[in-house]
Amino acid sequence: MKITKGAVVESLKTISLPGGGGNIVDEGVVSNIMIFGDQVDIDLQLQNPSLQARKKLEVTILKALHENVYEKAKIKINTEVIASQKSTKQIKGKPIQGIENIIAISSGKGGVGKSTITANLAVTLSKMGCKVGILDADIYGPSIPTMFDIEGARPQSVKVDGESKMEPIENYGVKVLSIGFFTKPDQAVVWRGPMAAKALNQMIFDADWGDIDFLLVDLPPGTGDIHLSILQALPVTGSVIVSTPQNIALADARKGIAMFKQKSINVPVLGLVENMAYFTPFELPDNKYYIFGKNGAKNLSHDMKVQFLGEVPILQSIREASDFGHPASLQEESKISLTFKDITKNLVSELVKRNNDLPPSEILKITTMAGCSAVSKRDE
C-alpha cells in the first residue's frame, strides 16, 4: 500500500495538543513529515511538556496512523523540546491626560536629600516656564508640604466632566499632592503595601492635575512596594537617582539604578545627582572639604553608564530654605540657584535624548532651554 503525505496529515489533525487546544498540525507541533515507502518519519516540536505527556502523544500518533493510514506502517517519531518563547511582561502604567513627562526621583538610601532635590528641580523647571507638579509618593515620610510651606493645607474637591476630583495645592508655580495633606503632623502612617498603593492611585487618578509638562514623583527611599505601585500605575518617562558620595549611600544607589534597568521595569535612568558633595566654609570660600568622600556619585555614574547631572554642596542656606518652606532655587541668581539651574538643564537634555532614541511612554520634543513653550509631542 502506498502511504501519502495527505493521508498522514489528515490523520494527525484528529489528535489534539497535550492538555487540550487545537490539533497538533494546526498548532505547529508537527514540524516535518517524510515518507519512504512504508516508513513515516515525523518531527515534533513541543514546549516543555512532561515526559509522560510526550510519551502519551507518541502512542496516540502511532495508534492513529496504524488505524487510519496503514496498519503495518513503520513510524519513527523525533520529538524536540523547545523552550517557551514567552516574553517578559514589562510593567507599564496608563497615561494621564494632560501630563506629558513623568520623572521618578529616587534614592536607595534615606536621608540623602532626595526630596530637597525634587523640590528645587520643580521650582527651577517652573522658573523656566514649565508647568510642573509633584506627587509626594513618600507615604511614610512626606516632606514636600513642609518644603513648599503648605503644611496643613487640604485639597478641595472640583468637578471635572461631571466627576469629583481633588485639586492639587499650588505654591511657587508648582502643583503638589501629598499624603501629608490627609494626616496630622504627629500621626504616623502605619499602612501595609496594598493600602499605601490605593492611596497613591487616588492621588494619581482622582486628581485634577490639568496640563502638566513635568510631573516629578518623589519616591520613598529603597526599592519596594511603593516603587512597583508607581511603575505599574504610571508610564514613567525616566528616573533620577540622588545619592551622597559616601560608599554606604552609593551601594544603595547602585541597587536603585539596577531596579529601573530590570527588563520587567525598563525605565531609563536619566542621570545621577550627587548631594552634599563638599563643604565650603563662609570664611574660606576657595576651600572645599569632602566630608562624605570625593566624586563618589560621579564615579558610580561612570561605572553604571548613566549620566552625571551635577553636584550640590553642603550649604546651611539649603537646609534653612527647606525648613522654612522656601526652596533655595527661588533665590534669584544666587550660587545655589545657578547650581540647580545647571542640573535641571542637564536633566532636560537627557530627557530630549531619551525621547529621541527610545520608544515613548510619552514622546516629546523640547527645542529650547528657555522654557516649556516649545515642549510638544513629536510627529509620529
Side-chain angles (χ1 to χ4, degrees), residues 1-95 192-198 201 222-236 254-269 304-305 358-361:
M1 177 181 177
K2 184 178 180 180
I3 300 176
T4 65
K5 186 174 182 179
V8 173
V9 170
E10 289 303 315
S11 180
L12 294 176
K13 283 186 175 182
T14 65
I15 302 172
S16 298
L17 198 65
N23 67 73
I24 60 174
V25 175
D26 292 340
E27 294 295 330
V29 173
V30 180
S31 61
N32 191 33
I33 300 172
M34 299 290 290
I35 299 173
F36 307 94
D38 61 351
Q39 180 176 327
V40 181
D41 288 359
I42 300 173
D43 294 334
L44 303 177
Q45 287 187 335
L46 296 174
Q47 291 185 348
N48 296 329
S50 65
L51 178 62
Q52 180 181 2
R54 213 158 66 230
K55 291 298 182 184
K56 182 178 180 181
L57 177 61
E58 292 174 359
V59 169
T60 304
I61 291 173
L62 291 172
K63 183 178 179 181
L65 293 182
H66 284 148
E67 288 181 355
N68 302 326
V69 179
Y70 181 40
E71 61 182 355
K72 296 182 180 180
K74 300 172 183 176
I75 302 169
K76 182 181 179 182
I77 300 173
N78 304 305
T79 303
E80 178 187 6
V81 178
I82 60 174
S84 174
Q85 298 299 314
K86 293 180 180 178
S87 60
T88 303
K89 186 177 180 182
Q90 289 190 355
I91 297 174
K92 295 292 181 183
K94 56 182 180 179
R192 293 187 183 274
M195 187 176 294
K198 183 178 179 181
N201 280 332
T223 55
D225 278 353
I226 301 301
H227 302 74
L228 291 178
S229 295
I230 288 292
L231 294 168
Q232 288 171 333
L234 293 171
V236 177
R254 186 183 293 270
K255 295 173 186 176
I257 294 172
M259 176 191 71
F260 286 111
K261 287 188 172 183
Q262 285 186 24
K263 287 185 178 179
S264 60
I265 295 177
N266 196 26
V267 170
V269 179
M304 299 294 289
K305 295 180 172 57
L358 298 175
S361 48

List the atom of Arg254, the atom of Met304, and the distance in Å for their closest heavy-atom pair. NH1-SD, 3.4 Å
Can you tell me how far apart CG (Leu46) and CD (Glu27) are? Round to the nearest 0.5 Å. 11.5 Å
Derivation of the side-chain contact (heavy atoms from CB on, under 4.5 Å) call for Ile15 and Val29: CA-CA 11 Å; Ile15 302 172; Val29 173; over 6 Å; no
Mind checking what makes side-chain contact (heavy atoms from CB on, under 4.5 Å) contact with Glu67, not counting sequence neighbours? Lys63
Here the pair of heavy atoms bringing Lys13 nearest to Asp26 is CE-OD1, 3.9 Å
List the residues meeting side-chain hydrogen bond (donor to acceptor under 3.5 Å, both in side chains) with Asn201, not counting sequence neighbours, and say none if there are none. none
Any Leu62 side-chain heavy atom under 4.5 Å of Ile77 side chain: yes
Ser11 side chain to Val8 main-chain N or O, any donor-acceptor pair under 3.5 Å? no
Could you state the interatomic distance from CG (Leu12) to CD1 (Ile61), rounded to the nearest 0.5 Å? 6.0 Å
Minimum heavy-atom distance between Ile3 and Tyr70, given as atom pair plus value: CD1-CD2, 3.9 Å
Run the side-chain hydrogen bond (donor to acceptor under 3.5 Å, both in side chains) test against Glu58 and tell me which residues pass, sequence neighbours left out. Thr79
Do His66 and Ile75 come close enough that some side-chain heavy atom pair is under 4.5 Å? yes
Which residues satisfy the side-chain contact (heavy atoms from CB on, under 4.5 Å) test with Val59, sequence neighbours excluded? none
Indicate every side-chain donor-acceptor pair of residues 37-45 with a distance under 3.5 Å to a residue at least two apart or in another chain.
residue	atom	partner	partner atom	Å
Gln39	NE2	Asp41	OD1	3.0
Asp43	OD1	Asn78	ND2	3.0
Gln45	NE2	Glu80	OE1	3.2

Check Phe260 against Val269 and note the closest heavy-atom contact, atom names and distance. CB-CG2, 3.9 Å
